[in-house]
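Below is one structure, written out as structure tokens; comments come after it.
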Amino acid sequence: MSESVSTPRVRFAPSPTGYLHVGGARTALFNWLYARHFGGTLILRIEDTDFERSSEEMVEGILEGMRWLGLNWDEGPFYQSKRLELYRQTAEKLLASGHAYYCFCTREELEQRRAAAVAAGRPPMYDRRCRRIEKDIAAQRKAAGEACALRFAVPEGGATSFEDAVFGKVEFSNAEIEDFVLLRSDGIPTYHLSVVADDIDMRLTHIIRGADHISNTPKQVLQYRALGVQLPVFAHVPLILGPDKTRLSKRHGATSVIAYKEFGIVPEAFRNFLSLLGWTPGAAGKDADGKDREIFGSDELIRLFSLDGISKSNAVFDNDKLAWFNTEYIRAYDAQKLLPLIEEEWAKAGFTPDRSQDEVLAAINLVKPRARNLKDFAIAFRAYFIDSFEYDPAAVAKFLKDDFVRALLVELAARYESTAEFTEASTEQVLREFAEEKGVKAGALINGSRVALTGQAVAPSLFAVMVNLGKNRVVKRLAAANNVGTV
RNA sequence: GGCGCCAUGGUGUAAUUGGUUAACACGCCGCCCUCUCAAGGCGGAGAGUUCGGGUUCGAUCCCCGAUGGCGCUACCA
């Protein structure tokens with residue numbers, strides 16, 4: 001298929017200095033949505049030119065996060081560490097055209113001057129002293145083996161601006177832009193060079209990335225111009241902040257995407273939640289009553305997504321809202337779809353249900369309206385899937401503390417055992433008649449039974465639970481009511 | 001400090017891009033339902049759009065300033 005200008009090429013370019021964090025995931029998501037919306041191409045590029053801080057383990061973590069969120073890419077992953085030749089060539093071009101120069105200042109000297117500048121109240125920018133060195137002299141010194149970095153020669157006057165798809169026109173005075181390093185003295189490119197070289201080489205049409213890159217953009221624009229290459233469309237997305245409105249960090253809790261998987265969040269729910277952080281479908285997202293809809297499946301998200309809907313202000317990550325999305329998705333999924341996700345949780349909890357597949361699915365459907373996350377199916381709802389489960393002490397204290405009630409439950413077990421029919425109606429009838437006979441409130445027996453049967457104070461309608469568990473289990477667990485809490 | 005960006009209830013966002021009792025969702029509170037807890041139904045509190053000036057018959061919306069927040073300010077990305 002031939003490419004036209006209308007099919008965008010976008011990229012997600014994380015640096016593997018940590019796991020995929022929610023901000024990065026949101027950027028990846030937006031790129032993915034944009035690419036899918038237009039039938040374009042999403043490229044995954046690993047920016048690992050900082051050898052000190054990058055690691056392969058982190059790359060794997062990032063890929064895992066992408067996979068979990070269902071964000072597939074079309075090209076890559078490309079590793080910048082393996083594309084050094086391209087950057088060297090690009091640097092060469094810049095040098096040859098007079099847009100870059102060798103800088104022989106050492107790190108120590110630079111730091112010293114910077115400190116002095118700050119102390120003197122001057123802006124701590126590079127003073128450009130090596131820019132004045134004659135070209136051939138510089139070349140000679142370099143040839144002689146003197147260590148040097150390559151810097152970009154920023155125009156002395158004027159301003160550099162670009163049109164951002166989200167923020168509009170953004171302009172920086174060139175006087176504010178320092179002669180940044182392109183190539184370190186060890187020949188490894190800095191971010192400033194490698195992004196531009198790659199974005200050009202990979203023929204990217206749109207650069208969708210975090211707003212923290214706005215200030216870097218003029219440095220890149222300058223290189224595009226120096227190289228005589230047309231600018232891509234820049235679209236900077238606002239950042240995600242913590243509840244205290246400072247940049248989201250570990251202080252606020254989990255920032256790694258995978259941590260949310262571990263919390264029992266459904267990936268689609270997380271994706272949906274993330275999509276609405278800094279973006280809105282606007283009128284297209286309203287329902288017939290004019291109310292905002294928030295639950296969007298991936299197809300819908302892809303259809304609705306557009307750069308126009310991206311907002312300019314930073315967004316706060318709200319765990320409550322995420323929890324709401326999660327319960328909505330769990331409730332909407334049928335048991336069959338939920339099963340593989342839940343099986344992972346069972347594996348983690350170290351058990352497999354000792355019931356038939358049909359019973360398991362029925363149990364999932366029974367409890368899922370009450371689930372907050374996937375872990376609930378392995379912990380709070382464990383009793384629905386396997387006979388070995390624990391009793392929640394609080395539940396026992398609340399509804400099963402009474403020896404009198406326990407004794408009645410043992411008696412009730414015998415009633416059930418001798419009753420042939422075992423339906424919601426019959427089990428309820430048996431219990432209520434028994435309660436009346438004993439002169440106790442049915443509620444006391446119902447609540448006590450719930451704890452005896454499920455270990456929890458929270459459960460679906462008791463009689464539905466009974467039918468799901470089946471007569472044998474019900475009888476067995478009720479008969480054991482006396483032992484509850486004593487183990 | 002310098003430069004840049006942003007600013008609607010607690011949170012995410014709307015508001016035919018100057019004319020609305022400023023809307024919706026999450027959260028919160030109350031009531032109903034009820035065997036628990038959710039869900040659901042019903043109702044409620046919560047912003048006069050950060051503040052101050054303009055422009056205008058009229059500003060959430062346009063302009064200026066202030067304040068606040070965030071970002072950048074590396075031979076990190």
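Quick caveat: nothing in here was measured; it's all calculated off a predicted structure. The sequence lines fix the lettering, A, B, ..., with proteins before strands; numbering per chain opens at 1.
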Whether the side chain of [X] and the base of [N] hold a donor-acceptor pair under 3.5 Å is what I'd like checked.
X	N	value
A:Ser185	B:rC75	yes
A:Arg53	B:rC76	yes
A:Asn216	B:rA77	yes

Charged tip of A:Arg141 within 45° of A:Phe104 ring normal and under 6.0 Å =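 Yes, a cation-pi geometry.
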Tell me, please, whether A:Tyr102 has A:Arg151 positioned over its six-membered ring: NZ or CZ under 6.0 Å from the ring centre and within 45 degrees of its axis?
->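 A:Arg151 over A:Tyr102 ring: no.
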Flag the pair A:Asp334 and A:Lys337 as a salt bridge only when some basic side-chain nitrogen lies within less than 4.0 angstrom of an acidic carboxylate oxygen.
->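 Salt bridge: no.
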Between [N] ([atom2]) and [X] ([atom1]): distance, integer Å:
X	N	atom1	atom2	answer
A:Tyr126	B:rA74	OH	P	14 Å
A:Ile295	B:rC24	CD1	C1'	14 Å
A:Leu453	B:rC37	CG	C1'	16 Å
A:Tyr79	B:rA77	OH	P	17 Å
A:Asp164	B:rC72	CG	C1'	15 Å
A:Glu178	B:rC3	CD	P	16 Å
A:Leu276	B:rG12	CG	P	12 Å
A:Phe234	B:rG4	CZ	C1'	15 Å

Between A:Phe167 and A:Pro238, just flag the one whose closest nucleotide in RNA chain B comes earlier from the 5' side.
->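 Between the two, 5'-proximity favours A:Phe167.
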From [options], pick the nucleotide closest to the side chain of [X]?
X	options	answer
A:Ser215	B:rG71, B:rU36, B:rC75	B:rG71
A:Ala457	B:rU36, B:rG71, B:rC76	B:rU36
A:Thr49	B:rA7, B:rC26, B:rA77	B:rA77
A:Ser311	B:rU13, B:rC35, B:rC70	B:rU13
A:Phe399	B:rC26, B:rU36, B:rU73	B:rU36
A:Arg151	B:rC35, B:rC75, B:rA39	B:rC75
A:Thr246	B:rC35, B:rC37, B:rC70	B:rC70
A:Ala315	B:rG2, B:rG1, B:rU13	B:rU13

Using the six-membered ring wherever Trp is involved, compare the ring planes of A:Phe422 and A:Tyr416 and label them parallel, tilted or perpendicular (cut-offs 30° and 60°).
->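 A:Phe422 and A:Tyr416: perpendicular rings.
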Check against ring pair (Phe, Tyr, Trp, His ring centres under 6.0 Å), A:Phe317 and A:Phe273 | CA-CA 9 Å; A:Phe317 189 95; A:Phe273 167 68; 5.0 Å; yes
When we call it a touch if two heavy atoms are under 4.0 Å apart, what does [X] touch: a base, just sugar-phosphate, or nothing?
X	result
A:Leu431	nothing
A:Ser461	base
A:Arg293	nothing

Given ring pair (Phe, Tyr, Trp, His ring centres under 6.0 Å), test A:Trp279 with A:Phe305 step by step and report yes or no.
-> CA-CA 8 Å; A:Trp279 173 75; A:Phe305 190 77; 5.2 Å; yes
Syn-anti status, with the boundary at 90° from 0, for the nucleotide B:rG27 =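 For B:rG27, whose glycosidic angle is more than 90° from 0, the conformation is anti.
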If we ignore angles and hydrogens, is there a donor and acceptor under 3.5 Å between the side chains of A:His206 and A:Asn31?
->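 Checked: A:His206/A:Asn31 side chains show no N/O donor-acceptor pair below 3.5 Å.
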Polar side chain donor-acceptor pair, A:Thr246 to A:Arg251, under 3.5 angstrom =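 There is such a pair (donor and acceptor under 3.5 Å, judged by atom type) between the side chains of A:Thr246 and A:Arg251.
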Just the dot-bracket of RNA chain B, please: which string comes out with Watson-Crick or G-U pairs under 3.5 Å, [ ] for crossing, | for another strand?
-> (((((((..((((.....[...)))).(((((.......))))).....(((((..]....))))))))))))....
Partner set under side chain to side chain contact (heavy atoms under 4.5 Å, CB included) for A:Ser194, not counting sequence neighbours |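 Listed in chain order: A:Thr49, A:Gln80, A:Tyr87, A:Pro189.
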Whole-Å [atom1] distance, [N] and [M]:
N	M	atom1	answer
B:rA7	B:rU60	C1'	11 Å
B:rG9	B:rC61	P	14 Å
B:rU49	B:rU20	C1'	13 Å
B:rA66	B:rC5	P	14 Å

